[in-house]
Structures are given as C-alpha cells and as structure tokens.
Student: 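What follows is a structure written as structure tokens; I'll ask about it next.
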There are 2 protein chains.
Amino acid sequence: MTGTVIRLLLADDHPVVRAGLRAVLESEPDFEIVAEAATAERAVELAAELAVDVVLMDLQFGPGAAMNGAQATAAITARGAGAPRVLVVTTYDTDADTLPALEAGATGYLLKDAPPEELARAVRSAAAGRPALAPTVADRLLERMRTPAAALSARETEVLGLVADGLTNQAIGGRLHLSLATVKSHLVHIYTKLGVESRTAAVREARARGLIRRGG
Amino acid sequence: MTGTVIRLLLADDHPVVRAGLRAVLESEPDFEIVAEAATAERAVELAAELAVDVVLMDLQFGPGAAMNGAQATAAITARGAGAPRVLVVTTYDTDADTLPALEAGATGYLLKDAPPEELARAVRSAAAGRPALAPTVADRLLERMRTPAAALSARETEVLGLVADGLTNQAIGGRLHLSLATVKSHLVHIYTKLGVESRTAAVREARARGLIRRGG
DNA sequence: GCGGAGTTCAACCTTTCGATTGATGCCGGT
DNA sequence: ACCGGCATCAATCGAAAGGTTGAACTCCGC
C-alpha cells in the first residue's frame with residue numbers, strides 16, 4: 001500500500017517459524033519486516049502503533065494464550081480503511097479454522113508448507129488488497145458454495161460439542177438446562193444434516209469437517 | 001561426535017520451518033548444516049550417505065507421506081553405533097507421538113516453540129549422546145513411570161479405534177471377526193482402564209491421552 | 001506347573017439411544 | 001400476514017449399548 005516497499009509484521013509464537021518467515025521473506029527486496037510478535041495481543045498492539053501493510057498471522061497461539069489468531073485478525077481489521085491486511089499463515093486448514101479467519105477479515109490464508117515463492121506472491125497480493133488463498137482453501141470455499149451447506153446451528157453445535165466430550169443425552173440436558181427430549185431432537189437434526197446415524201459417527205464426521213474443535 | 005563441529009541434517013516438509021531452523025542454528029559457530037530433507041525417505045538416504053552427527057527430525061510429514069518421522073527415526077538409528085543421533089523437533093506432544101519416537105531411538109524430543117538457546121543446547125546434548133527432552137515430555141515420562149500405566153492392549157486399542165470411527169459394536173465384531181459379546185467384553189475392560197463409562201467418553205479420554213490417532 | 005493377563009464367547013437384564021410423530025413459540029424474510 | 005427455520009418439549013417403541021456373571025483357551029513368567 002506504500003507503493004514501493006511492503007512493510008510486514010510477523011505474528012507467531014514459535015521463534016523458529018518467525019525466523020523461517022524472516023529468512024524467506026527478507027530476501028525479497030521490496031519487503032521490509034518491521035516487527036515480530038510472539039503473542040496475538042502484541043500483534044494487535046504493534047499493528048496499531050506501527051505503519052504496517054501486511055500482518056503474517058498464525059492462528060494457533062498457545063496453549064494458554066488469551067487471544068487466538070482469528071480474534072487478533074478481527075481486532076486488526078476492525079479499524080477498516082488504513083488497517084493492515086492480515087495474511088493467515090497456519091499449519092492446518094480445517095473448516096473450523098479457515099472460515100472464522102476469513103469472516104474475521106483475513107485477506108489471505110496460506111499453509112506453512114507453502115513454498116517460499118508462493119508466500120511472497122501471497123504477500124504481494126494481500127498488500128494490494130487481492131485475496132490470496134491456498135489451493136486447498138479455495139477449493140473448499142468453492143465446494144461450500146456448491147453444496148447446500150449442511151451447517152449446524154449454534155445450538156446444535158453446542159450439543160454436539162458436549163456429545164464429543166462423552167456426555168450422555170441426560171447430562172447434556174442438565175448442562176444446557178434442556179429437557180432430554182430437546183437434546184434428542186437436536187441430535188436427530190444433527191444426524192440428518194451430517195448424514196450419519198449415531199453419536200460417535202456424528203462426532204467423527206463433525207471433526208472431519210472441522211465443525212467442532214479438536215481439543216474439546 | 002566429530003569433536004569440534006557438529007554436522008546437522010534438517011528433515012522437515014515445511015520450507016519455512018527448515019529456513020527457521022537453519023537461521024537459528026547456523027549462527028552457532030560449532031554447528032554446520034550439511035543438508036536438508038523435505039521427506040522422511042530423503043532424510044534416511046541422506047543420513048546414510050553423508051557424515052551427519054545429529055538429525056533434526058519432524059514427526060509429521062504429510063499429508064500423503066509414505067513414511068513418518070518415527071519410522072525414519074527407527075531406520076536411521078537402526079544402524080546402531082556410528083549412526084547419527086536423532087533429535088525430534090515437532091509441533092505437538094501427545095503420548096501417541098512421543099513414546100513411539102523415543103522407542104524408535106530418538107535421543108531427544110523438543111517442541112517447535114522452544115527458544116533458540118534451548119534448541120542449540122539440545123543439539124549439543126544429542127551430539128554427545130545425552131538425552132535432550134522438553135520439560136513437558138520429561139514430565140510425562142516421569143508420570144508414566146509413577147502411574148500403573150493404564151495402557152490398553154493391542155486388541156483393545158484396535159476395538160477402540162473402530163469405536164472412534166463411529167462403528168457400532170456389531171459392525172466392529174464383523175470387521176474384526178469377533179462376536180458381539182467379545183466386543184462388549186473388550187469395551188468393558190477399556191472403560192475400566194480409562195475410568196469412563198461410555199463409548200464416546202472413552203474415545204475422548206483416549207484421544208486426550210494420545211492412545212489413539214487423531215485423523216482416525 | 002501354576003497363576004495371571006489377554007482373548008474369546010454366552011446369557012441375562014437395565015439403561016440409553018435413535019426414530020417417529022406431534023406440538024408450541026419465536027424470529028426473519030417475502 | 002404467512003411461511004420456514006430454529007428451539008423447545010412430550011410420548012412411544014424397537015434397537016443398541018452397557019453391566020453382570022461365568023467360562024473356556026492361550027501365552028508368558030515365576
């Protein structure tokens with residue numbers, strides 16, 4: 001956005017990854033790495049204080065991090081015009097990660113196994129405001145458009161999360177202040193939407209589609 | 001092992017991580033990075049061809065990798081005396097990963113979020129043949145010694161794996177050529193060992209303890 | 001050789017789950 | 001104002017899962 005030099009901020013809790021991104025990116029003459037952040041909070045601070053064009057953001061901060069990459073992305077892009085573009089660079093690409101990140105305002109989404117050239121290309125795209133998506137992510141977005149999108153409602157996701165935690169229907173009802181009948185009703189809808197016919201299969205399917213978090 | 005300079009091989013499928021490890025380690029005057037491998041197979045080849053003291057090995061190669069880091073570790077250390085030491089440097093630290101890696105002959109086990117100094121220290125330890133474990137890994141090993149080790153038998157693990165895939169007891173019996181009674185019997189033992197009382201809770205608990213694979 | 005752990009199976013019973021049907025109230029879009 | 005989706009609950013019924021008891025057989029270590 002500055003015209004000649006693209007100013008970068010690296011946000012990742014792994015020192016090794018930061019060093020790797022720095023090594024890969026600082027060989028590009030039109031890139032300038034202005035700062036590194038080891039936490040999501042620090043990334044938000046630095047993005048506000050410094051003149052930054054693109055933030056390379058990891059999604060997974062932790063364990064024990066107060067803020068994750070998606071939240072940081074939302075905080076940074078909330079400023080609207082003039083805010084840095086956020087390019088998410090993460091290890092995994094589940095639906096449960098990518099969609100919230102893109103909704104939070106990320107301009108691009110790459111995987112860490114991307115080759116250096118692709119990284120540099122994505123940074124330039126992001127700086128120009130053009131989306132930069134990894135092929136697998138783009139594929140999934142297109143497929144999401146095609147398919148009727150068997151997305152679960154918020155309540156259904158909540159119920160399914162407790163099912164994944166090993167709770168019985170009755171225990172789920174107690175936890176969410178619902179009757180047993182309601183829990184079963186939600187489950188029937190979940191099964192229909194996911195095309196399965198048992199709670200364990202539903203958990204597996206939801207995990208595969210990235211509808212529920214891995215670490216419970 | 002060469003006395004003055006420690007010769008390193010970097011084995012990781014992420015170019016960014018390789019660059020990061022190189023950037024962090026090559027600033028140490030007594031380290032020399034002799035090669036990089038993007039696949040586990042290539043790492044085994046290079047470890048055999050070149051004079052290498054320590055291999056920095058990632059456990060997760062993939063998706064679609066024919067060999068994982070634990071297998072490569074076993075292949076490298078199988079040579080016995082004169083074989084390079086393998087220092088596992090990975091992202092996550094579940095029991096299902098660490099224990100096989102250590103059994104395969106890894107001299108050390110670090111997480112990628114380790115600070116550079118700790119990495120360098122671990123490399124020197126590994127080169128000298130001294131174990132180099134991340135604190136969390138060491139803790140878990142000690143706890144493993146203390147606790148009576150509620151390890152599941154091979155058959156039980158097999159059954160639980162199919163439960164995690166969402167199969168019913170009858171389907172599991174069909175798959176493993178067992179009667180329904182036998183499957184239930186195994187499950188009762190599993191529940192007792194894991195201290196749970198339902199199949200979903202058992203799956204969750206086993207996942208948390210790293211007893212079964214994530215991507216099922 | 002004996003005991004223990006693992007694996008295999010059977011019969012019985014209780015609880016839970018899943019499927020079905022049906023109903024109510026709320027909210028948002030047409 | 002009406003319709004559809006969401007959330008809430010009820011009742012019923014068959015299937016599946018879980019608990020209990022009991023019993024073989026094999027393999028391994030003491």
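Within every chain, numbering begins at 1; the chains are lettered A, B, ... in the order of the sequence lines, protein sequences first and strands thereafter.
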Student: How long is the line joining CG of B:L187 and C1' of C:dC9, in whole Å?
Tutor: 15 Å

Student: Surrounding CD of B:E197 (heavy atoms of other residues, nucleotides or ligands, distance under 6.0 Å), is the total greater than 12?
Tutor: no

Student: Would you say C:dC17 has OP1 or OP2 under 4.0 Å from some side-chain N or O of A:N169?
Tutor: yes

Student: Does B:S198 put a side-chain nitrogen or oxygen below 4.0 Å from OP1 or OP2 of D:dG18?
Tutor: no

Student: Below 4.0 angstrom, N of the basic side chain to O of the carboxylate: do A:D12 and A:K112 qualify?
Tutor: yes

Student: My understanding is that only one of A:V86, A:T90, A:V89 makes a side chain to side chain contact (heavy atoms under 4.5 Å, CB included) with A:Y109; could you say which?
Tutor: A:T90

Student: Any idea which of C:dC17, D:dA16, D:dG18 is nearest the A:T168 side chain?
Tutor: C:dC17

Student: Which whole-number value in Å describes the distance from A:K184 NZ to D:dC6 P?
Tutor: 22 Å

Student: Just how far, in rounded Å, is P of C:dT16 from CD of A:Q170?
Tutor: 6 Å

Student: Categorize A:H189 for me: base, sugar-phosphate, or nothing, with a 4.0 angstrom heavy-atom threshold over every strand shown.
Tutor: nothing

Student: Let me know, please, whether A:E197 or B:R155 comes out on the 5' side of the other along DNA chain C by nearest nucleotide.
Tutor: B:R155

Student: Round to a whole Å and report the spacing from CD of A:E158 to P of D:dT8.
Tutor: 9 Å

Student: Does D:dC9 have OP1 or OP2 under 4.0 Å away from a side-chain N or O of A:S185?
Tutor: no

Student: Measure CG/B:L178 against C1'/C:dT7 and give the value in whole Å, please.
Tutor: 9 Å

Student: Could you measure the distance from the CD1 atom of B:I172 to the CG atom of B:L162? Nearest 0.5 Å is fine.
Tutor: 5.5 Å

Student: Rounded to whole angstroms, how far apart are CD on A:E156 and C1' on D:dG5?
Tutor: 10 Å

Student: Does B:V188 or A:L180 map to a spot on DNA chain D nearer the 5' end, using the closest nucleotide for each?
Tutor: A:L180

Student: Take atom CZ of A:R199 and atom C1' of C:dG18, then tell me their distance rounded to the nearest Å.
Tutor: 10 Å

Student: Can we say B:E45 and B:R42 salt-bridge, meaning some charged N sits less than 4.0 Å from an Asp/Glu carboxylate O?
Tutor: yes

Student: Measure the distance from NE2 on A:H186 to C1' on D:dT8 and round it to the nearest whole Å.
Tutor: 7 Å

Student: Below 4.0 angstrom from OP1 or OP2 of C:dG18, is there any side-chain N or O of A:Y191?
Tutor: yes

Student: C:dC9, OP1 or OP2 - any side-chain N/O from B:T182 closer than 4.0 Å?
Tutor: yes

